[in-house]
**Q** 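Below: one structure in structure tokens.
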Amino acid sequence: MSETIHETLRSLLCELGIAIRDAVITQRCELDAVALSTVTGHAGGDTIFAIDRFGEEAILKWFRSHWPNEHPVQIVMEGVEAELCFPEGTALSSTDWKCIIDPIDGTRGIMYDKRSAWALAAIAPQSGDQTMLSEIIAASMTEIPTSRHWRADQFSATRSGNLIASAFDVRAGIAVDCEPPKPSSATHFDHGFSSLVKFFPEGRTLTAQIEERLWDELVGLNRSPSPVIFDDQYICTGGQFHELMTGRDRLIGDLRPLVYRTLDIDFSGLCCHPYDCCTAMLLQKTGVIYEHPLGGFPDAPLDTESGVPWIAYANEILAAQARPVLNKILKQFLV
């Protein structure tokens with residue numbers, strides 16, 4: 001398939017991300033945190049808050065006005081359960097592409113103005129229910145900054161192209177220089193940020209036990225007067241990816257589907273879904289090692305319900321140190 005088409009699709013996903021970012025920034029000024037955090041529904045295994053509707057509305061408006069007729073596409077995103085195809089009126093069987101979107105990844109952080117959220121989008125050739133994350137050919141992630149935050153990053157790429165980094169000054173309304181992201185080149189974990197996801201109470205004890213064992217074997221707990229492993233959880237996958245890509249974190253892992261299965265917990269609304277990790281290709285473009293905690297690529301269909309466990313290391317040296325230890329520990333703790 002033509003790389004020219006892939007590049008066109010990448011550019012379109014970037015434009016979509018900008019439309020979402022601008023819509024959220026504009027509309028949130030009129031509401032406080034209480035209004036933004038009002039629960040308006042549940043869909044695709046996740047809670048839908050009032051602020052999420054801003055992103056959804058921006059997406060529908062943008063696709064109606066900007067998606068080219070020559071690339072019929074199906075849209076998959078949380079909050080939309082029915083088949084949604086563009087140009088409007090296109091039958092699902094006539095679409096060439098499947099686009100998975102997380103309008104606002106990091107709703108809980110941005111609605112309280114704590115931390116940036118991310119508009120995530122990726123696209124793959126249409127294969128119906130068998131369309132997989134591994135088939136994505138273009139992806140884009142666009143930062144939705146807090147009200148105190150002047151700069152918004154955007155990263156994008158096609159499968160065969162290089163990662164493209166850009167930034168925008170949301171105060172001045174102009175593009176600004178953006179250095180290509182560079183993961184940490186550290187050769188050890190000491191005095192760096194690394195964490196396993198444990199945002200919610202469910203499964204936190206088991207995850208913490210796994211994490212404590214991991215660091216005890218890798219760095220030796222209590223061997224120094226002060227801690228050498230720092231934990232700073234960015235409560236969204238897009239934000240975690242950004243921390244890894246820009247050298248802030250050395251290891252991040254999301255074991256929730258594996259932990260919940262072991263504990264027999266219904267994890268549909270509690271874990272990473274395909275729309276959360278659809279931009280993983282961008283991680284790999286920077287050299288970050290992204291894989292399933294038990295080996296291989298963490299593949300899943302482009303849907304709104306599948307759970308996706310993953311682990312990412314800033315570089316291969318760190319991966320080589322932690323991978324065998326984590327694998328051994330997971331086989332001990334998980335069923």
Side-chain angles (χ1 to χ4, degrees), residues 45-46 78 100 102 105-106 118 120-122 124 132-136 139 141 155 157 181 183-184 189 193-200 202-204 206-208 210-211 214 231-246 248-262 265 267-316 318-331 333-334:
D46 210 347
E78 57 178 347
I100 188 163
D102 193 343
D105 183 34
W118 298 82
L120 310 177
M132 306 294 286
L133 286 167
S134 57
E135 298 171 335
I136 286 170
M141 56 186 289
F155 301 144
S184 172
F189 291 101
F193 285 95
S194 297
S195 61
L196 297 183
V197 168
K198 44 193 181 299
F199 303 141
F200 310 123
E202 295 86 352
R204 181 179 291 166
L206 179 54
T207 304
I210 293 170
E211 189 170 24
L214 174 66
D231 185 325
D232 174 42
Q233 294 189 71
Y234 200 137
I235 191 169
C236 71
T237 307
Q240 294 168 337
F241 284 3
H242 187 263
E243 301 290 80
L244 286 159
M245 295 165 69
T246 54
R248 296 181 173 92
D249 286 51
R250 300 180 190 180
L251 177 154
I252 301 178
D254 193 336
L255 309 179
R256 286 177 291 173
L258 304 178
V259 167
Y260 296 154
R261 184 182 66 193
T262 296
I265 295 174
F267 61 77
S268 59
L270 293 170
C271 66
C272 179
H273 299 98
Y275 53 76
D276 294 305
C277 59
C278 67
T279 61
M281 178 177 70
L282 306 180
L283 275 183
Q284 296 169 308
K285 292 288 183 181
T286 67
V288 171
I289 310 302
Y290 174 82
E291 57 194 34
H292 192 286
L294 296 175
F297 180 78
D299 215 356
L302 298 192
D303 63 27
T304 60
E305 297 181 350
S306 296
V308 184
W310 58 270
I311 185 85
Y313 310 95
N315 57 62
E316 185 56 57
L318 296 177
Q321 294 175 32
R323 184 187 292 120
V325 177
L326 178 63
N327 191 266
K328 179 187 70 173
I329 294 170
L330 292 182
K331 290 178 179 177
F333 277 90
L334 304 178

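Predicted model only: the values in this text are computed from it and were never measured.
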**Q** Between Phe189 and Leu318, is any pair of side-chain heavy atoms under 4.5 Å apart?
**A** yes
**Q** Would you say the side chain of Leu133 lies within less than 4.5 Å of the side chain of Cys277, judging by non-hydrogen atoms?
**A** yes
**Q** Going through the distances and angles, do Phe199 and Arg204 end up as a side-chain contact (heavy atoms from CB on, under 4.5 Å)?
**A** CA-CA 8 Å; Phe199 303 141; Arg204 181 179 291 166; 5.8 Å; no
**Q** Minimum heavy-atom separation for Pro301 and Pro274, please, with both atom names.
**A** O-CG, 3.2 Å
**Q** To the nearest 0.5 Å, what is the distance between OH on Tyr275 and CD1 on Ile100?
**A**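 Tyr275 atom OH to Ile100 atom CD1 measures 8.5 Å (nearest 0.5 Å).
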**Q** What do the steps show when you test Asp231 against Lys198 for salt bridge (charged side-chain N to carboxylate O under 4.0 Å, His left out), and what is the final call?
**A** CA-CA 11 Å; Asp231 185 325; Lys198 44 193 181 299; 2.9 Å; yes
**Q** Going from CG on Leu251 to OG on Ser195, what distance comes out if it is rounded to the nearest 0.5 angstrom?
**A**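 Result: 7.5 Å between the selected atoms.
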**Q** Can you confirm if the aromatic rings of Trp310 and Phe241 lie within a centre distance of less than 6.0 Å?
**A**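 Yes, close enough.
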**Q** Looking only at heavy atoms, which two atoms of Gly238 and Trp118 are closest? And how far apart?
**A** C-CD1, 3.8 Å
**Q** Roughly how far, to the nearest 0.5 Å, is the OG1 atom of Thr286 from the CE atom of Met245?
**A**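 Going from the CE atom of Met245 to the OG1 atom of Thr286 covers 5.0 Å.
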**Q** Is it true that Tyr234 and His242 have ring centroids separated by less than 6.0 Å?
**A** no
**Q** Is the shortest heavy-atom distance from the side chain of Ile252 to the side chain of Leu244 under 4.5 Å?
**A**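 Counting from C-beta outward, Ile252 and Leu244 do come under 4.5 Å.
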**Q** Short question: side chain of His292, backbone of Leu294 - any donor-acceptor pair under 3.5 Å?
**A** yes
**Q** What do the steps show when you test Val288 against Asn315 for side-chain contact (heavy atoms from CB on, under 4.5 Å), and what is the final call?
**A** CA-CA 5 Å; Val288 171; Asn315 57 62; over 6 Å; no
**Q** Determine yes or no for a side-chain-to-main-chain donor-acceptor pair under 3.5 angstrom, with Arg256 supplying the side chain and Val197 the backbone.
**A** no
**Q** What is the distance from atom NE2 of His273 to atom CG of Asp303, rounded to the nearest 0.5 Å?
**A**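 Answer for the NE2-CG pair, His273 versus Asp303, is 8.5 Å.
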**Q** How many angstroms lie between CD in Glu211 and CG in Leu196, if you round to the nearest 0.5 Å?
**A**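 Here the interatomic distance stands at 4.0 Å.
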**Q** What are the two closest non-hydrogen atoms of Pro309 and Pro298, and how far apart are they?
**A**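 Minimum heavy-atom contact is O-CB, 3.3 Å.
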**Q** If only atom types and distance count, is the side chain of Glu135 paired as donor or acceptor with the main-chain N or O of Met132 below 3.5 Å?
**A**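 Looks like yes, one N/O pair under 3.5 Å.
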**Q** Where is the tightest heavy-atom contact between Pro324 and Ala320, given as atom of each residue plus distance?
**A**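 In terms of heavy atoms, the two residues are closest at CD-O, 3.3 Å.
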**Q** The test is salt bridge (charged side-chain N to carboxylate O under 4.0 Å, His left out); show your working for Glu243 and Arg250 and say whether it passes.
**A** CA-CA 9 Å; Glu243 301 290 80; Arg250 300 180 190 180; over 6 Å; no
**Q** If you compare all heavy atoms of Cys271 against all heavy atoms of Gly307, which two are closest, and at what distance to 0.1 Å?
**A**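 Taking every non-hydrogen atom into account, SG-CA, 3.6 Å.
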**Q** Any side-chain heavy-atom pair from Leu330 and Leu255 closer than 4.5 angstrom?
**A** yes
**Q** Name the residue from Leu302, Asp102, Thr237, Ile136 that meets the side chain to side chain contact (heavy atoms under 4.5 Å, CB included) definition with Cys278.
**A**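 Passing option: Ile136.
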**Q** side-chain contact (heavy atoms from CB on, under 4.5 Å) for Glu316 and Arg323? Distances and angles first, verdict last.
**A** CA-CA 10 Å; Glu316 185 56 57; Arg323 184 187 292 120; 3.5 Å; yes
**Q** Evaluate the side-chain proximity of Leu326 to Ile210: yes if any heavy-atom separation is below 4.5 Å, no if none is.
**A** yes
**Q** Test Tyr313 against Glu291 for side-chain contact (heavy atoms from CB on, under 4.5 Å), laying out the working first.
**A** CA-CA 9 Å; Tyr313 310 95; Glu291 57 194 34; 3.6 Å; yes
**Q** Kindly compute the distance separating CG (Asp232) from CG (Asp249), expressed to the nearest 0.5 Å.
**A** 6.5 Å
**Q** Looking only at heavy atoms, which two atoms of Ile311 and Pro293 are closest? And how far apart?
**A** CG2-CA, 3.8 Å
